[in-house]
Amino acid sequence: MQKMTLRKIIIIPVYNEEENIERTVESIQKNALDFDYIIINDCSTDHTRKICEENGFNVINLPINLGIGGAVQTGYRYAYEQGYDVAVQVDGDGQHDPKFLEKMAVYLQENGVDMVIGSRFIEKKGFQSSAARRIGISFFSILIKILTGKKITDPTSGLRMVGRNVMDIFSKDYPRDYPEPESVVAILRRNLKVKEIPVIMHERAGGVSSISFKNSVYYMIKVTFAILIERIRKY
């Protein structure tokens with residue numbers, strides 16, 4: 001039996017990624033030929049919008065800054081309403097390698113899972129993040145295991161691919177700040193299937209991460225409480 005051809009789209013949330021967005025799109029166009037893409041420009045204050053428009057990139061320019069959660073949710077809503085079967089988030093900073101997207105799509109389709117996460121910690125190749133962030137990632141991995149019974153090695157990975165059912169959920173309800181761990185718990189709490197496959201990530205090519213040292217404590221506390229609240233929510 002011939003496999004159904006899936007309509008696949010890459011969601012690229014960006015905020016002040018003038019140093020990286022061209023390389024990110026060029027890499028997608030070279031290495032993910034079966035995927036469409038949409039850039040969600042979260043009211044950048046640098047030249048991100050100008051670069052996207054001058055290059056004719058597919059972009060939605062948000063009128064106000066919604067934060068990473070609102071930008072990603074906009075992408076999911078667009079993908080769902082446009083009838084895509086698969087959506088995957090790829091960050092605009094060059095850390096995610098589009099070479100792995102087709103592998104993720106095949107795994108999603110052949111294994112009947114609802115979310116596939118690209119994990120840098122299964123084979124431990126490529127950029128492994130800073131020591132401080134790895135401590136935080138390990139903490140969230142343990143917390144999610146305690147609360148859901150499911151081990152997720154890379155719960156902060158933004159490289160996540162989903163089918164239409166999760167797309168629908170996320171288009172209506174998506175965490176606002178630092179959403180990755182909380183949104184994984186939301187899917188697991190619905191008894192949906194989440195799997196990880198090994199990928200190689202790269203160090204940010206340029207610009208500045210939204211998670212600085214000074215707000216890392218806030219990040220840990222906020223996400224921990226958000227996960228705990230998500231665990232007791234009723235659907």
Side-chain angles (χ1 to χ4, degrees), residues 8-32 35-44 46 48-49 51-52 57-62 65-76 78-79 86-105 115-121 126-130 133-134 136-137 140 152 154-162 170 174-184 196-212 215-216 219 223:
K8 298 168 288 191
I9 188 168
I10 300 166
I11 299 166
I12 312 171
V14 296
Y15 178 71
N16 291 352
E17 293 291 357
E18 64 181 9
E19 296 184 38
N20 303 310
I21 189 60
E22 284 188 79
R23 284 192 296 264
T24 297
V25 174
E26 288 170 1
S27 182
I28 287 170
Q29 292 173 333
K30 179 181 178 181
N31 298 298
F35 289 77
D36 296 331
Y37 73 89
I38 185 70
I39 298 166
I40 311 297
N41 174 32
D42 193 20
C43 203
S44 295
D46 65 356
T48 297
R49 176 171 181 165
I51 291 169
C52 289
F57 294 159
N58 304 322
V59 60
I60 294 174
N61 293 301
L62 298 179
N65 180 268
L66 297 180
I68 181 63
V72 174
Q73 185 176 16
T74 299
Y76 280 123
Y78 174 87
V86 172
V88 58
Q89 178 184 336
V90 169
D91 291 345
D93 58 12
Q95 293 193 70
H96 298 157
D97 193 333
K99 292 179 181 178
F100 292 95
L101 297 186
E102 187 57 37
K103 180 180 177 182
M104 293 174 71
M115 174 186 283
V116 177
I117 299 173
S119 171
R120 74 201 100 172
F121 300 124
F127 180 59
Q128 298 289 290
S129 193
S130 66
R133 290 193 184 184
R134 289 199 300 273
I137 291 167
F140 289 129
I152 303 295
D154 201 350
T156 67
S157 171
L159 185 60
R160 293 107 53 81
M161 183 175 289
V162 303
F170 285 166
Y174 196 74
R176 296 184 62 184
D177 295 326
Y178 317 119
E180 287 84 6
E182 184 181 349
S183 59
V184 170
E196 294 180 288
I197 67 169
V199 300
I200 296 173
M201 294 189 186
H202 309 292
E203 194 167 1
R204 166 181 277 274
V208 180
S209 171
S210 62
I211 305 177
S212 63
N215 64 17
S216 60
Y219 169 82
V223 175

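Since we're looking at a predicted model, the values are computed, not measured. Atom set for the values below is all heavy atoms of this structure, side chains included, hydrogens, waters and symmetry mates excluded.
- Listed here is the closest heavy atom pair of Ile9 and Ala79: CG2-CB, 3.6 Å.
- No side-chain donor-acceptor contact under 3.5 Å links Ser27 to the backbone of Arg23.
- Scanning both residues, Asn58 and Tyr37, for their nearest heavy atoms gives N-OH, 3.2 Å.
- In this structure, Tyr174 contributes its side chain and Ser183 its backbone to no donor-acceptor pair below 3.5 Å.
- Ser157 is not listed as a side-chain neighbour of Glu196, based on a closest heavy-atom distance of 4.5 Å or more.
- To the nearest 0.5 Å, the span separating OH on Tyr219 from CZ on Arg133 amounts to 8.5 Å.
- Ile39 CD1 to Asn61 CG: the interatomic distance, rounded to the nearest 0.5 Å, is 9.0 Å.
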- Message: Using side-chain contact (heavy atoms from CB on, under 4.5 Å), reason through Lys8 and Val88 one step at a time and then give a plain yes or no.
- Response: CA-CA 8 Å; Lys8 298 168 288 191; Val88 58; over 6 Å; no
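- In terms of heavy atoms, Gly75 sits closest to Ile11 at C-CD1, 3.4 Å.
- For Arg160, the salt bridge (charged side-chain N to carboxylate O under 4.0 Å, His left out) test picks out no residue, with sequence neighbours left out.
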- Task: Could you check Val199 against Ile117 for side-chain contact (heavy atoms from CB on, under 4.5 Å), going step by step and ending with a plain yes or no?
- Result: CA-CA 9 Å; Val199 300; Ile117 299 173; over 6 Å; no
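- Using a 4.5 Å heavy-atom cutoff, the side chains of Val72 and Ile40 are not in contact.
- Contacts of Ser44 classified as side-chain contact (heavy atoms from CB on, under 4.5 Å), with partners at least two apart in sequence or in another chain: Tyr15, Asn16, Asn41, Asp46, Thr48.
- Here Glu182 pairs with Lys222 under the salt bridge (charged side-chain N to carboxylate O under 4.0 Å, His left out) rule; sequence neighbours left out.
- The backbone N or O of Ile137 sits nowhere less than 3.5 Å from a side-chain atom of Thr156 that would complete a donor-acceptor pair.
- Taking Glu26 as the reference, nothing meets the salt bridge (charged side-chain N to carboxylate O under 4.0 Å, His left out) condition, with sequence neighbours excluded.
- Between Ile38 atom CD1 and Ile60 atom CD1 the span is 4.0 Å, to the nearest 0.5 Å.
- In this structure Asp154 satisfies the salt bridge (charged side-chain N to carboxylate O under 4.0 Å, His left out) test together with Arg120, sequence neighbours excluded.
- In this structure, the side chains of Pro155 and Val184 stay at 4.5 Å or more apart for every pair of heavy atoms.
- Between atom OG1 of residue Thr74 and atom CG of residue Leu66 there is a gap of 5.5 Å, rounded to the nearest 0.5 Å.
- Looking at every heavy atom in both residues, Val14 comes nearest to Gly92 through CG1-CA, 3.9 Å.
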- Message: With side-chain contact (heavy atoms from CB on, under 4.5 Å) as the criterion, how do Val86 and Met161 come out once you've worked through the C-alpha distance, each side chain's angles and the decisive distance to 0.1 Å?
- Response: CA-CA 7 Å; Val86 172; Met161 183 175 289; 3.4 Å; yes
- Message: Could you walk me through whether Leu101 and Val90 satisfy the side-chain contact (heavy atoms from CB on, under 4.5 Å) test, starting with their C-alpha distance in whole Å, then the side-chain angles of each, then the deciding distance to 0.1 Å, before giving a yes or no?
- Response: CA-CA 9 Å; Leu101 297 186; Val90 169; 4.1 Å; yes
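- Residues Leu159 and Met104 meet the side-chain proximity criterion, which asks for heavy atoms closer than 4.5 Å.
- Annotation: side-chain hydrogen bond (donor to acceptor under 3.5 Å, both in side chains) contacts of Gln89 (sequence neighbours excluded): Asp91.
- Ring orientation note: the planes of Phe170 and Tyr76 are tilted relative to one another, at an angle of 30° to 60°.
- In this structure, CD1 on Ile21 lies 14.5 Å from CZ on Arg49, to the nearest 0.5 angstrom.
- For the pair Glu102 and Phe35, the tightest heavy-atom approach, listed with the atom from each and the gap, is OE1-CE1, 3.7 Å.
- Within the 3.5 Å criterion, the main-chain N or O of Gly67 finds a donor-acceptor partner in the side chain of Asp42.
- Nearest approach of Ile10 to Ala32, heavy atoms of both residues: CD1-CB, 4.2 Å.
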